[in-house]
Amino acid sequence: MIKVAILGATGYTGYELLRLLSFHKKVEVTIITSNQHVGKRFDSVFPSAQGWCNLICEELSINKVCEQADFIFTALPHKIPMEIVPAFLEKGKKVIDLSADFRFKNSDLYEAFYQPHKSKHLLNKSVYGLSEISKNEIKNSELIGNPGCYPTSILLPIIPLIRKKIIDADTIIADSKSGVSGAGRGVALTSHFCEVNESFKAYKVGNHRHTPEICEILSYEAQKEINITFTPHLVPITRGMLSTIYTSLIKDISYEDIKKIYDEFYGESEFIRIRPENMPPDTLYVKGTNYCDIGFKIDNKKNKRLIIMSAIDNLLKGASGQAVQNMNIMLGFDETLGLKQMPFCL
């Protein structure tokens, strides 16, 4: 059994990591940390954990974590991981970071949207953990920068089309909607029930910090600088994310030809499902799972515009589920281990 630590276990992503890993056949969670709940049993913070987790939340100690775990998930706010991850790597531990600290190769991009980076020397060593796209790199990595939820929902449907050179990457517009859990578990006015209920709004228009993350990966794939238009929206649901992506086709191509591209690219990918033309992706049908459902429609041949839709659970494929998938790949396990939950029907 691989001994695993979860740092920041009482946030939503930390909870989901613990829930998934508690029923994983080849790992054991041996230590969890929480700055706010030191000394408390996990099931007193999350009563839903009663009967399957009685671990005590501990204060973060690098030495203690290294003594009790070989594999470490950092589900902590941006800035903290860059300060502690180097020590874990020096002690031979493998790390998956769910913050943005190790998602970028270009430190200037990171610093423009976050804060000064204290571990720039590790950025070239880290691998951007988009599981289906970078499997070989993930397999040989000691440090994964787990992708953000919005980028996951946009990059997975777009990258196969860029690689086949059927779309004009300079024309990409992404319109994305997220459930409120994407804001995290911390108390804030913007995610207060009375502010969110019966509300549907765009936010951080033109300056959301997931934009440079998306653009850096697309630029690498297109082998030129790409700057997309990305607008996120908050919808009054707890979890789920739907992205609608608009882009221009470079040449005439049929629906069947595009479907063949997706089928060939993701044919062996357990967690990518290409939806039938008359059944577009729906957040309800990926809720509680690690699936990414993708659908598309050619607007009309005169416009030469392609409309692509994707749905994920923002806490799972958009965070903790993908992190567990990456762990499985890094450790040489079947990448579906611990992730075969069926979608909720309601």
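Hydrogens, waters and symmetry mates play no part in the numbers below; they use all other heavy atoms, side chains included.
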In sequence, state the C-alpha distance, the side-chain angles, and the governing distance for Val29 and Lys3, and then conclude on side chain to side chain contact (heavy atoms under 4.5 Å, CB included). CA-CA 6 Å; Val29 180; Lys3 295 180 178 179; over 6 Å; no
Full working for salt bridge (charged side-chain N to carboxylate O under 4.0 Å, His left out) between Asp313 and Lys317: CA-CA 6 Å; Asp313 184 316; Lys317 189 58 174 172; over 6 Å; no
Tyr114 vs Phe104, side chain to side chain contact (heavy atoms under 4.5 Å, CB included): CA-CA, chis, key distance, verdict: CA-CA 11 Å; Tyr114 294 90; Phe104 292 80; 4.0 Å; yes
Please evaluate residues His233 and Phe200 with respect to the criterion ring-ring contact (aromatic ring centres under 6.0 Å, His included), reporting the C-alpha separation (whole Å), side-chain torsions for both, the decisive distance (0.1 Å), and the verdict. CA-CA 7 Å; His233 299 75; Phe200 176 26; 5.8 Å; yes
Would Leu339 and Gln325 satisfy side chain to side chain contact (heavy atoms under 4.5 Å, CB included), going step by step from the backbone distance to the final call? CA-CA 8 Å; Leu339 295 169; Gln325 187 178 357; 3.7 Å; yes
Test side chain to side chain contact (heavy atoms under 4.5 Å, CB included) on Thr283 and Arg239 and set out the steps. CA-CA 8 Å; Thr283 59; Arg239 62 200 298 163; over 6 Å; no
Test salt bridge (charged side-chain N to carboxylate O under 4.0 Å, His left out) on Glu216 and Lys105; report intermediate values, then the result. CA-CA 8 Å; Glu216 184 176 58; Lys105 295 299 182 189; over 6 Å; no
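Residue Glu83 places its CD atom among more than 12 non-hydrogen atoms of other residues, nucleotides or ligands, all under 6.0 Å distant. Within 6.0 Å of CG on Asn35 lie no more than 12 heavy atoms contributed by other residues, nucleotides or ligands. For Met279, the CE atom is loosely surrounded, since the number of other residues' heavy atoms within 6.0 Å does not exceed 12.
Under 3.5 Å, the side chains of Ser48 and Tyr15 contain a donor-acceptor pair of N or O atoms. Tyr110 and Gln115 share a donor-acceptor pair across their side chains, judged by distance under 3.5 Å alone. In summary, the side chains of Ser254 and Asp257 do present a donor paired with an acceptor at a separation below 3.5 Å, with no hydrogens or angles considered. Between the side chains of Ser320 and Thr13, no donor-acceptor pair of N or O atoms lies under 3.5 Å.
With Glu16 contributing its side chain and Leu316 its backbone, the two residues share no donor-acceptor pair below 3.5 Å. Between the side chain of Ser141 and the main chain of Glu137, no donor-acceptor pair closer than 3.5 Å is present. In this structure a side-chain-to-backbone donor-acceptor pair under 3.5 Å is present from Asn106 to Asp108. Under the 3.5 Å distance criterion, the side-chain polar atoms of Lys93 are matched with a main-chain donor or acceptor of Ala69. In terms of modelled atom types and a separation under 3.5 Å, the side chain of Ser61 and the main chain of Lys64 share a donor-acceptor contact. No donor-acceptor distance shorter than 3.5 angstrom exists from the side chain of Thr231 to the backbone of Asp175, with no hydrogens or angles considered. Remark: the backbone N or O of Lys25 is not paired with any side-chain donor or acceptor of Glu28 at under 3.5 angstrom. Put simply, the side chain of Thr211 gets close to the backbone of His208: a donor and an acceptor are under 3.5 Å apart. The backbone N or O of Ser243 lies less than 3.5 Å from no partner atom in the side chain of Ser153, so there is not a single donor-acceptor pair. Between the side chain of Asn314 and the backbone N or O of Gly240 there is at least one donor-acceptor pair closer than 3.5 Å.
Looking at heavy atoms from C-beta onward, Leu7 lies out of side-chain contact with Phe73 at the 4.5 angstrom threshold. Counting heavy atoms from C-beta on, the side chains of Tyr246 and Ile172 never come closer than 4.5 Å. Residues Ile214 and Ile228 meet the side-chain proximity criterion, which asks for heavy atoms closer than 4.5 Å. When side chains are defined from C-beta on, Phe42 does not count as touching Ile56, because their heavy atoms never get closer than 4.5 Å. Between Lys224 and Asp170, the closest side-chain pair of non-hydrogen atoms falls below 4.5 Å. Side-chain contact between Phe113 and His210 is absent, with no heavy atoms from C-beta onward closer than 4.5 Å. Inter-residue side-chain proximity for Gln322 and Leu130 is flagged as met; some heavy-atom pair is nearer than 4.5 Å. Here the side chains of Phe296 and Tyr262 are in contact, with some heavy-atom distance below 4.5 Å.
Qualifying salt bridge (Lys or Arg N to Asp or Glu O under 4.0 Å) partners for Glu225, counting only residues two or more places apart in sequence or in other chains: none.
Here the options are Val127, Asn140, Ile138, Val95, the test is side chain to side chain contact (heavy atoms under 4.5 Å, CB included), and the partner is Met330; only Ile138 passes. When the options Asn326, Asn146, Asn290, Thr152 are evaluated for a side-chain hydrogen bond (donor to acceptor under 3.5 Å, both in side chains) with Ser131, the one that passes is Asn326. With Glu270 as reference, Lys340 is the one residue of Lys340, Glu132, Glu335 to meet the side chain to side chain contact (heavy atoms under 4.5 Å, CB included) rule.
At a threshold of 4.0 Å, the pair Glu142-Lys94 does not count as salt-bridged, since none of the basic side-chain nitrogens sits closer than that to a carboxylate oxygen. By the 4.0 Å N-to-carboxylate-O rule, Lys120 lies close enough to Glu111 to be salt-bridged with it.
Of all non-hydrogen atoms in Pro281 and Gly295, the two that sit nearest each other are CG-N, 3.4 Å. For the residue pair Ser34 and Thr10, the shortest heavy atom distance occurs at OG-OG1, 2.7 Å. In terms of heavy-atom proximity, Asp101 sits nearest to Leu123 at O-CD2, 3.5 Å. Between Tyr266 and Pro160, the closest heavy-atom pair is CE1-CG, 3.5 Å. Nearest heavy atom pair, residue Ile294 against residue Pro157, reads CD1-CA, 3.9 Å. His78 and Ser99 get closest at one heavy-atom pair: ND1-CB, 3.4 Å.
Cluster membership check: Leu89 shares its hydrophobic cluster with Leu60, using side-chain heavy-atom separations under 4.5 Å among Ile, Leu, Val, Met, Phe, Trp and Tyr. Hydrophobic clustering (side-chain heavy atoms under 4.5 Å, transitive across Ile, Leu, Val, Met, Phe, Trp, Tyr) groups Val324 together with Trp52. No path of Ile, Leu, Val, Met, Phe, Trp and Tyr side chains, each step under 4.5 Å between heavy atoms, connects Leu76 with Val4, placing them in separate hydrophobic clusters. Note on Tyr220: it does not cluster hydrophobically with Leu156, by side-chain heavy-atom contacts below 4.5 Å among ILVMFWY residues. Residues Val235 and Tyr150 do not share a hydrophobic cluster, defined by chaining ILVMFWY side chains whose heavy atoms lie under 4.5 Å apart.
Each side chain to side chain donor-acceptor pair (under 3.5 Å) pair with one or both residues in residues 66-77, not counting sequence neighbours, appears once here: Thr74-Asp97.
Going from atom CD of Glu90 over to atom CD1 of Ile62 covers 9.5 Å, rounded to the nearest 0.5 Å. Residue Ser248 holds its OG atom at 5.5 Å from CZ of Arg305, rounded to the nearest 0.5 Å. Note that the NZ atom of Lys26 and the CG atom of Asn328 stand 9.0 Å from one another [nearest 0.5 Å].
For Arg273 and Tyr291, the positive end sits near the middle of the six-membered ring, less than 6.0 Å away and at most 45° from its axis.
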